[in-house]
Amino acid sequence: MKNVSGLAATAQALVAPGKGILAADESFPTIGKRFAALGVAATAENRRAYREVLFRTAALGESISGAILFDETLRQRTGSGDATLTELLVRQGIIPGIKVDTGTGPLPGSPHEKITGGLEALPVRLTAYAALGARFTKWRAVLAITPDGQPSRACLDANAAALADFAAFSQAAGLVPIVEPEVLLAGRHSLARSEDVAVAVLDAVFRALAAKQVSLPGLLLKTGMVLPGAEAPGSVTTADIAAATWRVLRRTVPAAVPGIVFLSGGQPEIAATERLNALCATHDLPWTLSFSFGRALQDTALKTWRGEAANTAAAQAALLHRARCNALAVQGKYSAAAESAAA
Ligand code: 13P
């Protein structure tokens with residue numbers, strides 16, 4: 001019997017007022033790409049050193065509620081061996097979580113689309129992750145918008161079914177699932193097309209969750225802001241983006257879901273914070289809105305660190321600044337003055 005009230009309490013803590021989630025769960029290929037751009041070697045030692053810089057950032061727990069880790073990180077100890085990286089988070093009051101999908105592969109029948117894998121033996125891995133201190137999980141589905149009509153119905157349904165299985169297994173293991181369908185930014189599609197796709201994606205996800213009897217108060221939804229394609233002509237305002245995103249969420253997300261956390265998806269850091277601020281500057285919604293940013297929290301911090309121990313304090317200052325700006329944004333209190341004042 002799953003402990004529904006314990007799950008709900010953890011989900012609520014992850015969207016506590018004025019706090020959001022640090023996504024630091026880059027897989028080996030992804031962190032490898034980010035390191036390569038800076039000339040940092042993709043070794044276990046460098047990945048440990050970088051994540052240790054992030055998690056030792058003083059006062060990070062004032063604006064960060066939880067951190068999503070990759071499998072390797074959950075098992076690593078600090079350079080001096082005095083603690084696990086997970087313990088650094090717990091000392092700051094930050095809840096450790098774990099990415100449990102194993103990445104994407106071609107969708108059978110529609111090989112240009114992607115299906116996320118990792119369900120095989122998932123319950124066994126979840127038990128091990130809980131023993132290592134994880135209290136929540138994340139699974140990311142990836143959907144691309146193309147001029148010829150993708151994502152297909154088959155892609156929507158297959159990914160929604162996998163997300164629902166992942167969520168059911170996580171709750172059975174006492175872990176709060178963060179259900180993440182990501183609609184990619186790449187493309188020339190309009191804001192209106194993005195809105196239609198987001199409705200179809202989230203509708204499929206919540207039908208699948210209902211079919212698997214997943215407890216809605218014991219999960220969080222992680223999804224993108226509704227944006228036009230990165231290569232779309234013309235421009236849209238922050239107000240247009242907020243209005244489209246609210247319409248999609250109101251149409252598709254049941255009020256029993258405690259929180260919706262946005263991914264940054266490749267948006268520049270400051271644009272992501274400004275849009276988050278606009279999205280959160282209303283009290284007229286049934287769920288708490290917050291952030292679960294990877295790049296939009298880490299970009300400047302990683303570029304500042306660049307693999308050099310001497311840059312640790314400056315990198316931590318950059319991370320803390322972005323975390324504080326986004327914490328202001330979830331309260332609708334972010335401003336240009338806040339951006340420059342704390343920098
Ligand atoms: P970004 O904020 O960089 O999109 O990363 C969030 C994430 O967790 C993607 O799975």
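As the structure lists them, so they are numbered: ligands from 1, and atoms in each ligand from 1. In what follows, residues are counted from 1 in the order of the sequence shown.
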Using a 4.0 Å heavy-atom threshold (strictly under), name the region of [X] that reaches ligand 1: side chain, backbone, both or neither.
| X | answer |
| --- | --- |
| R295 | both |
| D25 | side chain |
| S264 | both |

Ignoring hydrogens and angles, state whether a donor on the side chain of [X] or [Y] is under 3.5 Å from an acceptor on the partner side chain.
| X | Y | answer |
| --- | --- | --- |
| T282 | D284 | no |
| E339 | Y334 | yes |
| Q76 | R51 | no |
| T273 | N326 | yes |
| Y50 | Q298 | yes |
| S63 | K19 | no |

Nearest non-hydrogen contact with atom 9 (C) of ligand 1 belongs to which option: E26, Q267, E180?
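Nearest option to atom 9 (C) of ligand 1, by heavy atoms: E180.
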Which option, K138, K99, Q298, owns the non-hydrogen atom nearest atom 10 (O) of ligand 1?
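Comparing heavy atoms across K138, K99, Q298, the nearest one to atom 10 (O) of ligand 1 lies in K138.
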Taking distance alone, with N or O pairs closer than 3.5 Å, would you say G294 contacts ligand 1?
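Yes, since at least one N or O of G294 sits under 3.5 Å from an N or O of ligand 1.
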Ligand-residue contact atoms, ligand 1 with [X], heavy atoms, under 4.0 Å:
| X | answer |
| --- | --- |
| K222 | 6 (C), 7 (C), 8 (O) |
| R140 | 9 (C), 10 (O) |
| F293 | 2 (O) |
| G265 | 1 (P), 2 (O), 4 (O) |

Sub-4.0 Å heavy-atom contact, A296 with ligand 1
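Outside the 4.0 Å threshold, so no.
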Taking the side chain as everything from C-beta on, heavy atoms only, tell me whether T223 gets closer than 4.5 Å to I260.
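A side-chain contact under 4.5 Å exists here.
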Test log, rule ring pair (Phe, Tyr, Trp, His ring centres under 6.0 Å), inputs F28 and F70:
CA-CA 9 Å; F28 290 145; F70 188 63; 5.0 Å; yes
